[in-house]
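Only one structure is covered here, and it is reproduced in the block below.
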Amino acid sequence: MQPNQYRDARLEKLGKLKTLGVAVWPRKARRTHGLAELVATYGDAAAWPNEKLEALGLSISVMGRVLTIREMGKSVFAHLTENGERLQAFFRKDDVAEPGWEVLKLLDMGDFISVTGPLMRTKTGELSVRVKEVQFLSKALLPLPEKWHGLQDKEQRYRQRYLDLVSNPEVLKTFQIRSRIVSGIRRFMEGEGYLEVETPMMQPIPGGATARPFVTHHNALDMPLYLRIAPELYLKRLIVGGFEKVFEINRNFRNEGLSVRHNPEFTMMEFYAAGQDLRDMMALTEALISGLAKGIMGAEVLPWGDQAISYAAPFRRLTLKDAIAEYGGIERRLLEDDTAIRTLAKAVHIEDPETKTPGTLLGDLFEHHAEKQLIQPTFVTDYPIELSPLTKTLEGDDRFVDRFELFVGGMELANAYSELNDPVDQMSRFQAQMAEREAGNDEAMLLDLDFVNALEHGFPPTGGEGIGIDRLVMLLTNSASIRDVILFPLMRPTKSAESEEKEA
RNA sequence: GGGCCCAUAGCUCAGUCGGUAGAGCAGCGGCCUUUUAAGCCGUUGGUCGCGCGUUCGAGUCGCGCUGGGCCCA
């Protein structure tokens, strides 16, 4: 810790507090009420004028972090904050019991205190505690960021999220909402009869998605292990085992780049329901998301940048080819012709247009022409089989599969299948993936023989889906970057942090 | 991987044409017993991200590096 004038001044005050006999670091706060509770109960100025508050004869104790101090000779005003709420404390020299007044002079912004006294309303109408006693709870040795502008520097906000949370109230609010969204999802899924389960985060064969994994090593077994890229193959094993409906909310890890929509570890909910298909997944997704919008954000139409998104069910349905045609301004019949597809791919500089299959190119064309423009919730269906090795084919067309991806705000938010349950078909799909891998695609899926073996013991028709929780929170809270909804996003360590690590 | 932009006091930010490093908040010392970014008087605080270069002289110009942001692939 580098000494500076702020830290030195506060250390000196800490010494003076101890000289005064103040217990600066007590074990427990004196507290009769939560700060937010007081504001909620007595905050209404019309219902609780000063006379009525005084008539209560109440003496409350409330704790909080000191956010502002306004000193006026023999009286002092301070705002305390707790849990995103703030409450004013009013100190008068004549009111405060000894050694409260001396203690007050040693108070800094950022300190934690508890104040005791009656509730009152000042002449400007603000709910306040008329302080009779002050209890010191914690001395802050370092100053908080600027009180008016907060902490603006993005790097410092992500690296020192605690300062971001203290000084930017809307950031705390976003993460409180995130928490309510996640618990809302759990309540909804449980209401639908789903059981929450936990499957391996460390897997010997990383499966269930196409992505590069993180690798680690288990010493005792002397074997490589992979952080999971998806829980899919394990959750399906549970359906084989007899669970009817399961869900899991947890982290996936993908060893890929960072962007406003990508963090190497991110939170996904996956769920599977025996006996169901893609249509059931759509209905559940609409009910879940529109319910969260209404229940937690209070409206079905929510702002997204300078636009608005309506989460009212039903969401739009669009086939992959229709989406390319509509948003790319491309004649629909061209998408039925393999040569035309290749030409269209070349026209927009898609990589390797000669070697890729038409289905893969359709996927690329969709990404290029349509994805970013799908702002309103849209289920895109009928994906090429090459892109979907774990999905049942469409009835009557085995080049395409019964899958949807849900796009909102130009982002992929969810991905769902009528799950492939034919073990022979599944095995040949894996073989196609292995051929892809041989050809140099290191994101192609790895063969998981035990998974195929599980299917061979009987896997019922099943609907399955994954929903990206971070992106859902971004959408509902109108956050432009995934880093604004992940408390501690991945950052490259600073030079000094690295060298300290080595010294330790 | 490519392109563009940013880095100045604890924080938020200025800094003109290359010529002594600035403001507000915060801090410190005063005044003030109902303030609201309180006010008033005084005042401390700088490795201008790091390095090299150009120049009589670099926060400012050039090159490289580090960290971050945005866009594209």
Side-chain angles (χ1 to χ4, degrees), chain A residues 1-13 16 45 49-50 53-54 66-81 86-96 100-101 104-111 117-132 140-164 166-169 256-263 305 345 348-353 364-365 367-368 371-372 410 480-484 489-499:
Chain A
M1 281 292 152
Q2 289 300 311
N4 62 45
Q5 60 171 331
Y6 299 94
R7 195 159 183 273
D8 291 345
R10 286 168 180 236
L11 280 171
E12 200 182 320
K13 289 180 185 174
K16 285 182 186 167
N50 190 42
L53 284 171
E54 282 181 355
V66 176
L67 212 54
T68 61
I69 301 173
R70 291 177 295 283
E71 209 181 327
M72 314 192 34
K74 297 193 178 60
S75 71
V76 173
F77 293 88
H79 272 118
L80 302 186
T81 182
R86 49 161 66 195
L87 178 64
Q88 184 167 259
F90 177 33
F91 308 82
R92 289 199 303 181
K93 191 166 190 289
D94 298 339
D95 286 345
V96 185
W101 193 250
L104 207 56
K105 288 182 185 157
L106 300 170
L107 195 63
D108 284 301
M109 288 186 275
D111 292 349
L119 279 175
M120 59 164 291
R121 203 168 280 284
T122 63
K123 73 178 184 192
T124 57
E126 179 159 354
L127 183 67
S128 308
V129 182
R130 187 190 297 275
V131 180
K132 306 280 191 197
L141 297 181
L142 292 172
L144 293 176
E146 216 251 2
K147 64 184 171 187
W148 189 242
H149 299 95
L151 187 64
Q152 295 300 322
D153 182 70
K154 284 197 178 186
E155 181 174 355
Q156 204 179 342
R157 288 181 45 207
Y158 298 142
R159 288 193 194 280
Q160 293 178 272
R161 182 70 89 182
Y162 44 93
L163 291 180
D164 191 25
V166 170
S167 62
N168 298 325
E256 292 169 354
L258 287 72
S259 84
V260 290
R261 293 183 300 279
H262 298 88
N263 194 64
V348 295
H349 308 296
I350 284 166
E351 274 180 55
D352 309 324
D364 291 342
L365 285 169
E367 266 188 46
H368 183 271
E371 180 165 343
K372 288 220 165 51
S481 169
I482 198 167
R483 294 186 150 191
D484 294 329
L490 183 70
M491 300 287 282
R492 193 188 295 271
T494 56
K495 264 274 164 54
S496 60
E498 263 174 6
S499 50

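Below, read A as the first sequence line, B as the second, and so on, with proteins coming before strands; counting in each chain starts at 1.
Listed by chain and residue number, nothing satisfies the side-chain hydrogen bond (donor to acceptor under 3.5 Å, both in side chains) test with A:Glu12 (two or more places apart in sequence, or in another chain). Residues forming a side-chain hydrogen bond (donor to acceptor under 3.5 Å, both in side chains) with A:Arg157 (at least two apart in sequence, or on another chain): A:Asp164. Taking the side-chain hydrogen bond (donor to acceptor under 3.5 Å, both in side chains) definition, one finds that A:Glu71 meets it with nothing, sequence neighbours left out. For the salt bridge (Lys or Arg N to Asp or Glu O under 4.0 Å) test, residues two or more places apart in sequence or in another chain that qualify with A:Glu54 are A:Arg130. Partners of A:Tyr6 according to the ring pair (Phe, Tyr, Trp, His ring centres under 6.0 Å) rule, which considers only residues two or more places apart in sequence or in another chain, do not exist here.
Side-chain polar atoms of A:Asp153 and A:Tyr158 form no donor-acceptor pair below 3.5 angstrom. A:Arg70 and A:Gln88 share a side-chain donor-acceptor pair at under 3.5 Å.
If you check every strand for non-hydrogen atoms under 4.0 Å, A:Arg159 touches sugar and phosphate atoms only. Counting any heavy atom pair closer than 4.0 Å across all strands shown, A:His349 reaches no nucleic acid atom. Among the protein residues, A:Val76 comes within range of no part of the nucleic acid, since none of its heavy atoms lies under 4.0 Å from any strand.
Separating the CG atom of A:Leu127 from the P atom of B:rU35 is a distance of 17 Å, rounded to the nearest angstrom. The CE atom of A:Met72 sits 7 Å away from the C1' atom of B:rU33 (whole-angstrom rounding). Atom-to-atom, CG of A:Leu80 to P of B:rU35 comes out at 19 Å; the value is rounded to the nearest Å. Taking atom NE2 of A:His262 as the reference point, atom C1' of B:rC71 lies 15 Å away to the nearest angstrom. For the pair A:Asn168 CG and B:rC11 P, the computed distance is 14 Å after rounding to whole Å. Nucleotide B:rA73 holds its P atom 7 Å from the NZ atom of A:Lys372, rounded to whole Å. Atom CE in A:Met109 sits roughly 15 Å away from atom P in B:rU12 (whole-Å rounding). For the pair A:Gln152 CD and B:rG24 C1', the interatomic distance rounds to 15 Å; values are reported in whole Å.
Between the side chain of A:Glu71 and the base of B:rU35, no donor-acceptor pair of N or O atoms lies under 3.5 Å. For B:rU34, the base has no donor-acceptor partner in the side chain of A:Ser75 [N/O atoms by modelled type, under 3.5 angstrom].
Spacing of P atoms, B:rG24 relative to B:rC41, comes out at 11 Å, to the nearest Å. The P atoms of B:rC5 and B:rU44 are separated by 38 Å, rounded to the nearest whole Å. For B:rU55 and B:rU60, the C1' atoms lie 13 Å apart once the distance is rounded to whole Å. Taking the C1' atoms as reference points, B:rU47 lies 24 Å from B:rU43, given to the whole Å.
Mapped onto RNA chain B by nearest heavy atom, A:Lys123 and A:Leu151 fall at different nucleotides, with A:Leu151 at the one closer to the 5' end. Map A:Met120 and A:Gly150 each onto its nearest nucleotide of RNA chain B; the residue landing nearer the 5' end is A:Gly150.
Taking the side chain of A:Asp153 as heavy atoms from C-beta on, and the options B:rU35, B:rU12, B:rU33, the nearest nucleotide is B:rU12. Comparing B:rU35, B:rA38, B:rC71 by their closest approach to the side chain of A:Glu126 singles out B:rU35. With distances taken from any side-chain atom of A:Trp148 to the nucleotides B:rC28, B:rA37, B:rU12, the minimum falls on B:rA37.
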Restricting both atoms to N or O, compile the protein contacts to nucleotides 3-10 of chain B shorter than 3.5 Å, with distance only.
unit_1, atom_1, unit_2, atom_2, d
B:rG10, N7, A:Tyr6, OH, 2.8

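Residue A:Lys13 places at least one side-chain N or O under 4.0 Å from the OP1 or OP2 atom of B:rC28. Within the 4.0 Å cut-off from OP1 or OP2 of B:rC11, not a single side-chain nitrogen or oxygen of A:Lys147 is found. A sub-4.0 Å separation between OP1 or OP2 of B:rU34 and a side-chain N or O of A:Arg92 is absent.
Residues A:Ile69 and A:His79 have side chains not in contact (no heavy-atom distance under 4.5 Å, counting atoms from C-beta outward).
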